[in-house]
Amino acid sequence: MDSRSHTPVTAALRLCLHALLTGLLALVAVRAVGEGAPHTGAVVALTLVTAGVYGAGALAGRPGPTRTTPVQPEGRARPLAASMRPGTRAAALWLAALCTLWLGLLVLSPDALWVAFPLYFLQLHLLPTRWGVPAVVVTAAAAITSFVVHRQEIAPGAFIGPLLGAAVAIATVLGYDALFRESERRRELIVELVATRAELAEAERTAGTLAERERLAREIHDTLAQGLSSIQLLLRAAERTLPGDAPAAAHVRAAREAAQANLAEARSFVRALTPPDLERGSLAAALERLCARTTGPDLTVRFAVSGTPVELPTPYEVALLRTAQSALANTVRHARAGRAEITLSFMDTSVALDVVDDGRGFDPPGAPVAERGDGGFGLPAMRSRAATLGGTLSVESAPGQGTALAVTLPLAGPRRSQERAA
């Protein structure tokens, strides 16, 4: 059984229901014996049978699982009496047997009408709402009819008592169900928040690790590797100007070879710190794999290359890849788009990445910016990354008209030549 049905409140209510029905059945039997009413033996026997059926059903239902769906309005399992039922069909048969025995008691004894009150709760708990409320009304009508038939009089109390009891039972059960559903929603929300917090913490650690790897790769490439490349070029030029038999030629050659070896080592460090998607090929290949992974039943992502591809510095590749990852993450999570396109454009003096979708769009000046994407970067981080490399980021969007994001990084001719030489 679901442990949630064993809270102190539900356990106390269940015990009170058992005690109430048992006590009322005992009252029927005692009054029948004490007053010497007709059919006393039949009343006592039928009372014992009713108590036995009730006890057997309560005990048989204890191992049954509790299946409570807070958002299901009809046919849901009631938490208060869930431990009494092995299944919906068995519970309905058990309840039908109890009601049939109670109707037999009503025919024999007018005191049996008080048993209607615990029956109200059982009917409301074990039946769907659309059947439970009519069953309560029928039970109240049977109790009123029994009183009128046995007493041969019509009194206000005969109507007010059963009807008031039915109203109290309906209000109590429906109110309890509403509170229980709200409690379940809160519990599920807390579980979801705890899981989300753990995921966010893991994502932050991963994002921090990736950011530090990228920073180290950028620093090594832009400082150490570029410096060693320049030293190698200068030593090569000096080696060419020296005569072959010059005493310094051997030292220059050794220095150039040492610079070349250290440059290769620095490049291996940069490759080791490069994002995994860039380790298996070029930036274009990484972007194409990203589009293939993002494409799903509700979203189609296409990739295209414009211009003549050139070798880009590692910081450029990392920046463009992370920007594409973050932009697609925002498209998947917020845009509700059916189609998106990524275009990598190589121009004479710059390289550009465009991400366009046909989603619902937003108002850039006042719209809230998601601070996290698949790569852990939002629009502010994309803009900062582009600015660090001397580039720009522009976003064009309007409600209902999709979103277009473009990042442009400068790639001057001399710098491109230097990167190729490096």
*Does the side-chain contact (heavy atoms from CB on, under 4.5 Å) test come out yes or no for Leu312 and Leu320, once each step is laid out?*
CA-CA 10 Å; Leu312 297 175; Leu320 294 175; 4.1 Å; yes
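- The shortest heavy-atom contact between Ala337 and Leu299 is O-CD1, 3.5 Å.
- Under the salt bridge (Lys or Arg N to Asp or Glu O under 4.0 Å) criterion, Arg240 pairs with no residue at all, not counting sequence neighbours.
- Of the possible polar contacts, none joining the Ser326 side chain to the Arg322 backbone as a donor-acceptor pair under 3.5 Å is found.
- For Arg360, there are no side-chain hydrogen bond (donor to acceptor under 3.5 Å, both in side chains) partners two or more places apart in sequence or in a different chain.
- The side-chain contact (heavy atoms from CB on, under 4.5 Å) check on Val107 picks up nothing, with sequence neighbours excluded.
- Applying the side-chain contact (heavy atoms from CB on, under 4.5 Å) rule to Leu103 yields the partners Leu106, Ala142; only residues at least two apart in sequence or on another chain are considered.
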*In sequence, state the C-alpha distance, the side-chain angles, and the governing distance for Tyr54 and Leu25, and then conclude on side-chain contact (heavy atoms from CB on, under 4.5 Å).*
CA-CA 11 Å; Tyr54 179 81; Leu25 289 176; 5.6 Å; no
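- A search for salt bridge (Lys or Arg N to Asp or Glu O under 4.0 Å) contacts involving Arg253 returns Glu239, not counting sequence neighbours.
- Atom-to-atom distance recorded for Gln325:CD and Leu287:CG is 8.5 Å, nearest 0.5 angstrom.
- Of all the heavy atoms in Trp94 and Val53, the pair that sits closest is NE1-O, 2.9 Å.
- For Leu20, the side-chain contact (heavy atoms from CB on, under 4.5 Å) test picks out Leu24, Phe117, Pro118, with sequence neighbours left out.
- Although no hydrogens or angles enter the test, the distance criterion places a donor-acceptor pair under 3.5 Å between the side chain of Thr241 and the main chain of Ala238.
- Between the Ser384 side chain and the Pro380 main chain, no donor and acceptor come within less than 3.5 Å of each other.
- Residues that satisfy the salt bridge (Lys or Arg N to Asp or Glu O under 4.0 Å) test with Glu202, not counting sequence neighbours, are Arg205.
- When every heavy atom of Tyr120 is checked against every heavy atom of Ala166, the shortest pair comes out as CE1-N, 3.3 Å.
- With Thr300 contributing its side chain and Arg339 its backbone, the two residues share no donor-acceptor pair below 3.5 Å.
- Counting heavy atoms from C-beta on, the side chains of Leu95 and Cys99 come closer than 4.5 Å.
- Applying the side-chain contact (heavy atoms from CB on, under 4.5 Å) rule to Val356 yields the partners Ala404; only residues at least two apart in sequence or on another chain are considered.
- Here Ser109 pairs with nothing under the side-chain hydrogen bond (donor to acceptor under 3.5 Å, both in side chains) rule; sequence neighbours left out.
- For Thr50, the side-chain hydrogen bond (donor to acceptor under 3.5 Å, both in side chains) test picks out no residue, with sequence neighbours left out.
- Nearest heavy-atom pair, Thr403 versus Gly361, reported as atom, atom and distance to 0.1 Å: OG1-CA, 3.7 Å.
- Summarising the geometry of Gly307 relative to Pro309, their closest heavy-atom pair is O-CD, 3.3 Å, with the distance given to 0.1 Å.
- For the pair Thr349 (side chain) and Leu411 (backbone), a donor-acceptor distance under 3.5 Å is absent.
- Every residue was checked against the side-chain hydrogen bond (donor to acceptor under 3.5 Å, both in side chains) condition with Thr47, not counting sequence neighbours, and none meets it.
- A donor-acceptor contact shorter than 3.5 Å links the side chain of Ser397 to the backbone of Phe362.
- In this structure, Glu188 does not pair ionically with Arg185, as no charged nitrogen and carboxylate oxygen lie closer than 4.0 Å.
- Under the rule for a salt bridge (Lys or Arg N to Asp or Glu O under 4.0 Å), Glu257 has no partner lying at least two apart in sequence or in another chain.
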